[in-house]
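All values below come from the heavy atoms of this structure, side chains included, with hydrogens, waters and symmetry mates left out. In what follows, every chain begins at residue 1, and chains take the letters A, B, ... in the order their sequences are listed.
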Amino acid sequence: MICGWAGKTWEHTRYIFNGGRNRGMTVLTRMRETLREEIRRAVLSAGLATEENIPEVELEIPREKAHGDLATNMAMKLTRIARANPREIAARIVERIDREKGRICDIQVAGPGFINFFLDRSFLTEVLEEIRAAGTRYGCSDVGGGQRVNVEFVSANPTGSLHLGHARGAAVGDSLCNILEAAGYDVTREYYINDAGNQIRLLALSLEARYLEALGKECEFPEDGYRGQDIIDMARDLVQQEGDSLLSLDREERLARLREFGLKRMLEKIRRDLERYRVRFDVWFSERSLYESGAVERVLKELDEKGYTYEEDGALWLKSTAFGDDKDRVLVKGDGSYTYLTPDIAYHRDKLNRGFDRLINIWGADHHGYIPRMKAAIAAQGYDPERLTVLVTQMVKLFQGGELVKMSKRTGKAVTLEELMDEVGIDAVRYFFVMRSPDSHLDFDMDLAVSRSNENPVYYVQYAHARIQSVFRQAEERGLSPAGDPETLSLLTEEQEYELMQALAAFPDEVAGAAQQLTPHRVVRYLHELASLFHSYYRAHRVIGEDEKQSRARLALLAGVAQVLKNGLTLIGVNAPDRM
RNA sequence: GCGCCCGUAGCUCAGCAGGAUAGAGCAGCGGUUUCCUAAACCGCGUGUCGGGGGUUCGAGUCCUCUCGGGCGCACCA
């Protein structure tokens, strides 16, 4: 789910897109812009609409080949404005289009009033040169216009190892960041460390119990304590390091020592797991630092001064209902301690003050109810709540042996990210999590991923890349290199070659679209489609054949496909192997 | 009871601000290799797009009601 911003972002980027120079645009984009302008001009000169009421020109690649290379629904959109039937309108537009200018071979009016354009395809080989020149940068654009975006994700409590749910958030978050960066946004990846408050105290208590246990002492395990194996291991290590020396400390001092020890160890583990998962953060933001800097106090004071707080039943409340929340929220509890919300308000204020145009938080579905109060808190401080977008990832269900594996953090029974990486492999795990829309509930079939890994779609895409590299190894042996001159490339006249080049040309748009709509799974679907086009082509046509020129032209095509596959896989944090 | 997400082929899911005949993977059946990787390719689908109503040239997509599933509704985090 995406809250807010979608509309604004679109307009913003659209403006930049239209206003920008052709720098970085592919042939396809340039063709489309030219055609867009041409249609606009035709509509105006035919008197079908005025500058004021002309609808935006939409040009899409039709699903059906018979419907041409590009199509517009302009005539249908004009029915009300021009008060005529769409096919008639379409005919009037068509007769005013300059075919020469748009590099158009044919124009047809079809169906309810679509105008289908059949383009001169020879221009498309230019995309191969564009890819070669851009290399790993191909796919990048500047639709983001350098907008500063903070993406906060994972942010798991440092009270246990990362598990399945975090793995999804991490894969989606990191991929989204890569995509945003490629689309020209200035991205900061951030992890909020809950190193203050109740759960950390509970960590210390749990660790204490395990510590005593390891020393052979009887003790009662805290009621809501963390029962994970990692804490047992940690206690054992502590005994190794410190022996029973913590026993002689007084209780509070011992707990403080345990807290620091546990926190440090947990964060190290989390960081290590994420690093291996290919996720790296720019900022690790400590909750505790908000207390130490006085930021929490300042926020409370300011909310109070603005009159958005009140006392009742011995607690301090935020009037979040004044900003769309369905009930008011406690900031300071009866016992004087803060709720989770309070430092979180200070945290979001800090992020906004750091100059980000936009904040994106990636939360698990179990926290979605928290969104309205966070937005309300931002609004109460006088900021536009639309600057915050919360992307919610739905729950992951794990299936093993055909059965649902129940997970509970309480009992520590959960599949960890570490286990997942060990058993399934990083490429497959990341691909699997980014493959689906964050909105969809995800069934993770462990057996399928583990035992029959060739069924995993990630290999389909990777294999396409490996195959191409294999062809290149053989081409090299024969002294064949990819062609670069337009004349040789003009030998690429097969239908499938055209389709491949068209797909390659669409890649930057695809990445930009995924960035604007915050939908990393779109990149995965694109890659699968491209791999599919390639496999099909590869099977039907020999790349290295008798005709040297044709071979070199096809090698150029393959070089483009390999580069785009690699660039796309990199965006989602998956390797593009040269051999499989 | 209220809020959010989901409901599309046997299963798992796409469907990109409403556009032409709704797609893919898996599973199933049948084919393909004197040839650059068969982890591949080709062929085979009778889908009430959960259901009703509405909006318009046009609805899987938007609105409304309704049914089913998930997740939340703390002075927990």
Distance, rounded to the nearest Å, where [X] contributes [atom1] and [N] contributes [atom2]:
X         : N       : atom1 : atom2 : value
Met435(A) : rA14(B) : CE    : P     : 9 Å
Glu223(A) : rA77(B) : CD    : P     : 16 Å
His368(A) : rC71(B) : NE2   : C1'   : 6 Å
Met580(A) : rA40(B) : CE    : P     : 9 Å
Arg525(A) : rA22(B) : CZ    : C1'   : 13 Å
Arg373(A) : rA77(B) : CZ    : P     : 11 Å
Ile115(A) : rG19(B) : CD1   : C1'   : 14 Å
Lys327(A) : rC2(B)  : NZ    : P     : 14 Å

Start with the C-alpha distance between Asn194(A) and Gln199(A), add both sets of side-chain angles, then the distance that settles side chain to side chain donor-acceptor pair (under 3.5 Å), and finish with yes or no.
CA-CA 8 Å; Asn194(A) 296 116; Gln199(A) 75 285 352; 5.1 Å; no
Does His367(A) lie flat on the base of rG72(B), that is, centres under 5.5 Å apart and planes under 30° off?
no
Verify stack between His535(A) ring and rA38(B) base, 5.5 Å, 30 degrees:
no
Could you identify the nucleotide paired to [N], looking across every strand shown and requiring Watson-Crick or G-U wobble geometry with both distances under 3.5 Å?
N       : answer
rG43(B) : rC29(B)
rC57(B) : rG19(B)
rA9(B)  : none
rC2(B)  : rG72(B)
rU34(B) : none
rU64(B) : rG52(B)

By the 4.0 Å heavy-atom rule, please label [X] as base, sugar-phosphate, or nothing.
X         : result
His521(A) : sugar-phosphate
Ser337(A) : nothing
Gly513(A) : nothing
Ala466(A) : base
Asp313(A) : base
Arg579(A) : base
His441(A) : base
Asp344(A) : nothing
Ala71(A)  : base
His541(A) : base
Ala110(A) : base

Pairwise [atom1] distance, [M] and [N] [rounded to whole Å]:
N       : M       : atom1 : answer
rC71(B) : rG31(B) : P     : 46 Å
rG18(B) : rC63(B) : C1'   : 13 Å
rG10(B) : rG72(B) : P     : 31 Å
rU46(B) : rC36(B) : P     : 38 Å
rA27(B) : rC11(B) : P     : 16 Å
rC44(B) : rG51(B) : P     : 27 Å
rU48(B) : rA22(B) : P     : 13 Å
rU34(B) : rG25(B) : P     : 25 Å

Quick check for you: among [options], whose closest atom lies nearest to any side-chain atom of [X]?
X         : options                   : answer
Met395(A) : rC5(B), rC71(B), rA20(B)  : rC71(B)
Trp317(A) : rC36(B), rC75(B), rC57(B) : rC75(B)
Ser440(A) : rA77(B), rC13(B), rG19(B) : rC13(B)
Ala315(A) : rG72(B), rG69(B), rC75(B) : rC75(B)
His528(A) : rU12(B), rA24(B), rA20(B) : rA24(B)
Ser536(A) : rA40(B), rC5(B), rC42(B)  : rC42(B)
Asp443(A) : rU12(B), rA14(B), rG3(B)  : rU12(B)
Arg539(A) : rA40(B), rA20(B), rC5(B)  : rA40(B)
Phe114(A) : rG19(B), rC71(B), rU12(B) : rG19(B)
Asp366(A) : rA74(B), rG72(B), rA77(B) : rG72(B)

His368(A) side-chain N/O to Ala365(A) backbone N/O, donor-acceptor pair under 3.5 Å:
yes
Does Asn85(A) use its side chain to pair, donor to acceptor, with the backbone of Arg87(A) at less than 3.5 Å?
yes
Is there a side-chain polar atom (N or O) of [X] under 4.0 Å from OP1 or OP2 of [N]?
X         : N       : value
Tyr538(A) : rU33(B) : no
Ser532(A) : rA24(B) : no
Arg87(A)  : rC57(B) : no

Between Gly369(A) and Pro86(A), the residue closer to the 5' end of RNA chain B by nearest nucleotide is Pro86(A)
More 5' along RNA chain B: Arg436(A) or Gln199(A), using each one's nearest nucleotide?
Arg436(A)
Looking at Glu312(A), I'd like to know if its CD atom is crowded, meaning that more than 12 non-hydrogen atoms belonging to other residues, nucleotides or ligands lie closer than 6.0 Å.
yes
Give the C-alpha distance, both sets of side-chain angles, the deciding distance and a yes or no for side chain to side chain donor-acceptor pair (under 3.5 Å) between Arg329(A) and Tyr370(A).
CA-CA 11 Å; Arg329(A) 305 293 170 179; Tyr370(A) 195 78; over 6 Å; no
Tyr347(A) pairs by ring-ring contact (aromatic ring centres under 6.0 Å, His included) with which of Tyr340(A), Tyr192(A), Tyr291(A), Tyr191(A)?
Tyr192(A)
Chi-based syn or anti call at rA17(B), which uses purine or pyrimidine torsion atoms and a 90° bound
syn
base_contact_polar (rG19(B) base, Asn73(A) side chain, donor-acceptor, <3.5 Å):
yes
No-H, no-angle donor-acceptor pair, Asp224(A) side chain to rA77(B) base, under 3.5 Å:
no
